[in-house]
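The structure under discussion appears below in the form of structure tokens.
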Amino acid sequence: MTSSTFSSLSCLLKDESQILKLRKRSVGNVFFKCSMSVKSQNPQPEVRIGVLGASGYTGSEIVRLLANHPHFGITLMTADRKAGQPFSSVFPHLFTQDLPELVTIKDADFSKVDAIFCCLPHGTTQEVIKALPKELKIVDLSADFRLQDPFEYEEWYGQPHRAVDLQKEAVYGLTEILRDEVKGARLVANPGCYPTSIQLPLVPLMKANLIQLGGIIIDSKSGVSGAGRGAKEANLYTEIAEGMYSYGITRHRHVPEIEQGLSEAAKSKVTVSFTPHLMPMIRGMQSTIYVEMAPGITTEDLHQHLKVSYKEEEFVRVLDKGVVPRTHNVRGSNYCHINIFPDRIQGRAIIVSVIDNLVKGASGQALQNLNLMMGFHETTGLLYQPLFP
């Protein structure tokens, strides 16, 4: 089967699992060729989607990804500061889609929506979600429902949690680890970008008792889009270009989320040393993780365990031994690439994990979760959207 033949066939298949089976017998990335034809075959979406906060980076990524979704269609978009404008005036590269005009949240009509992607800043999301109709499925991309303990939320985010009952209902949406819980959820708290890149390699190793719980050092680097689209002096080109800097040292707000997930996996309290850095690139994230292996365990054991753990997973790839993961290779995709290397210090290993912070670290994982919540194959709409250099 040639690439062109396979591309034509994939455009006709609504069942993403069928596409996956064909994909494994093909070579090359061929899915991008049919981006608009899939949408045009289904003008009346089975699932009507609302995107709250559509004018931000994560909101625009949701819109980009949904262009290729055969079952989801956007019927509501909010952006308070851009209300009344067509979406194409905010993101001209997405002009080919047939999208509703941007409105304020107070003017939004939720009667024409089945599911919501909430892309609002933390602190504002709780009140908004609390007021939404109870029948809606919601994936929240803010941090407001990620932490199980509302007192911990107050400590790290500087304000009381104002939707504690909803917090109890929310399911943490690290898809490959908590797939069954996500399937039955009404409200999913989409993980942060740093925690996604860190937990995907560490959780399986901790569950198998292959690494020590203490002495974990995490050095993470992110593209500037991770700081959001708001105008901030620290994110100006002249402040970012030709350099890098560390921020949130010892107090980054993703620390409790990382430790919460790792502690659950280990069934014991885990504390990590985590330092994030801002890099002069638009998108991409790398976490370099230094761990001490359990007695008698080798880096080969760690590599083999991750290979087995993610053997059936589409979006987590454990690379061949010696291959260094690169952010460039996951740019625009929902993939996480991982590999493990022996440290020069006896008994220690170095784990490298890369994702696109806006896709697997945000909007792509959110779509993966909503697919599960709505009963579709989780890869639907996520295999067509590579970005090229």
Side-chain angles (χ1 to χ4, degrees), residues 143 146-157 172-174 176-178 189 191-222 245-278 285-310 316 318-319 321 324-325 336-355 357 361:
R146 294 173 188 162
L147 300 181
Q148 296 168 0
D149 184 348
F151 296 106
E152 193 166 39
Y153 176 87
E154 183 174 355
E155 176 188 347
W156 287 85
Y157 287 87
Y172 187 67
L174 191 61
E176 284 78 12
I177 305 300
L178 294 164
C193 47
Y194 287 124
T196 296
S197 69
I198 293 162
Q199 292 180 89
L200 284 174
L202 288 188
V203 165
L205 300 179
M206 287 193 161
K207 286 184 175 180
N209 300 312
L210 297 179
I211 58 175
Q212 304 281 22
L213 304 187
I216 297 173
I217 300 171
I218 304 166
D219 180 296
S220 294
K221 299 173 176 68
S222 176
Y245 71 90
S246 306
Y247 66 102
I249 300 174
T250 74
R251 289 296 300 174
H252 192 278
R253 287 167 168 171
H254 283 173
V255 168
E257 182 183 344
I258 295 165
E259 294 182 344
Q260 174 181 274
L262 298 183
S263 297
E264 287 183 357
K267 294 183 169 41
S268 180
K269 177 62 178 173
V270 175
T271 302
V272 300
S273 178
F274 170 67
T275 305
H277 311 266
L278 203 60
M285 175 168 288
Q286 174 173 313
S287 288
T288 306
I289 308 166
Y290 304 85
V291 299
E292 184 176 348
M293 294 176 284
I297 299 300
T298 66
T299 53
E300 174 62 32
D301 296 325
L302 302 187
H303 186 270
Q304 183 59 27
H305 185 75
L306 287 181
K307 273 277 192 184
V308 172
S309 298
Y310 290 119
V316 181
V318 182
L319 305 183
K321 285 189 291 185
V324 180
C336 174
H337 287 184
I338 301 170
N339 217 341
I340 298 178
F341 305 87
D343 199 338
R344 291 179 61 245
I345 301 174
Q346 189 69 24
R348 292 188 68 86
I350 302 170
I351 303 170
V352 179
S353 170
V354 298
I355 61 172
N357 58 292

(request) Report yes if the distance between the aromatic ring centroids of His254 and Phe274 is under 6.0 Å, otherwise no. (result) no

Do [X] and [Y] have side chains that approach each other closer than 4.5 Å (heavy atoms only, starting at C-beta)?
X      : Y      : value
Lys207 : Ile177 : yes
Pro325 : Leu319 : yes
Ile258 : Leu202 : no
Asn339 : His303 : yes

If you measure from [atom1] on [X] to [atom2] on [Y], what distance do you get to the nearest 0.5 Å?
X      : Y      : atom1 : atom2 : value
Ile211 : Ile297 : CD1   : CD1   : 11.0 Å
Gln304 : Ile340 : CD    : CD1   : 10.5 Å
Tyr194 : Gln199 : OH    : CD    : 15.0 Å
Glu292 : Ile217 : CD    : CD1   : 10.5 Å
Glu176 : Leu200 : CD    : CG    : 5.5 Å
Asp219 : Ser246 : CG    : OG    : 7.5 Å

Would you check if the side chain of [X] reaches a backbone N or O of [Y] as a donor-acceptor pair within less than 3.5 Å?
X      : Y      : answer
Glu259 : Val272 : yes
His305 : Pro204 : yes
Arg146 : Ala189 : no
Thr275 : Ile249 : no

(request) Before giving the answer on side chain to side chain contact (heavy atoms under 4.5 Å, CB included), spell out for Leu205 and Ile351 the whole-Å C-alpha distance, their side-chain angles and the decisive distance to 0.1 Å. (result) CA-CA 11 Å; Leu205 300 179; Ile351 303 170; 3.8 Å; yes

(request) Classify the side-chain pair Gln148/Tyr172 by whether it contains a donor and acceptor separated by less than 3.5 Å. (result) no

What are the two closest non-hydrogen atoms of [X] and [Y], and how far apart are they?
X      : Y      : value
Ser197 : Ser353 : O-OG, 2.7 Å
Cys193 : Ile355 : O-CD1, 3.5 Å
Met293 : Thr298 : SD-C, 3.4 Å
Asp149 : Phe151 : OD1-N, 2.9 Å
His277 : Tyr247 : C-CE2, 3.8 Å
Ile198 : Ser220 : CD1-OG, 3.9 Å

(message) Evaluate Leu306 against Val316 for side chain to side chain contact (heavy atoms under 4.5 Å, CB included), listing each step before the verdict.
(response) CA-CA 10 Å; Leu306 287 181; Val316 181; over 6 Å; no

(request) Take Glu155 and Leu147 through the side chain to side chain contact (heavy atoms under 4.5 Å, CB included) test and state the conclusion after the steps. (result) CA-CA 11 Å; Glu155 176 188 347; Leu147 300 181; over 6 Å; no

(request) Report the C-alpha separation of Ile289 and Ile350 in whole Å, then their side-chain angles, then the decisive distance to 0.1 Å, and conclude whether the side chain to side chain contact (heavy atoms under 4.5 Å, CB included) test is met. (result) CA-CA 6 Å; Ile289 308 166; Ile350 302 170; over 6 Å; no

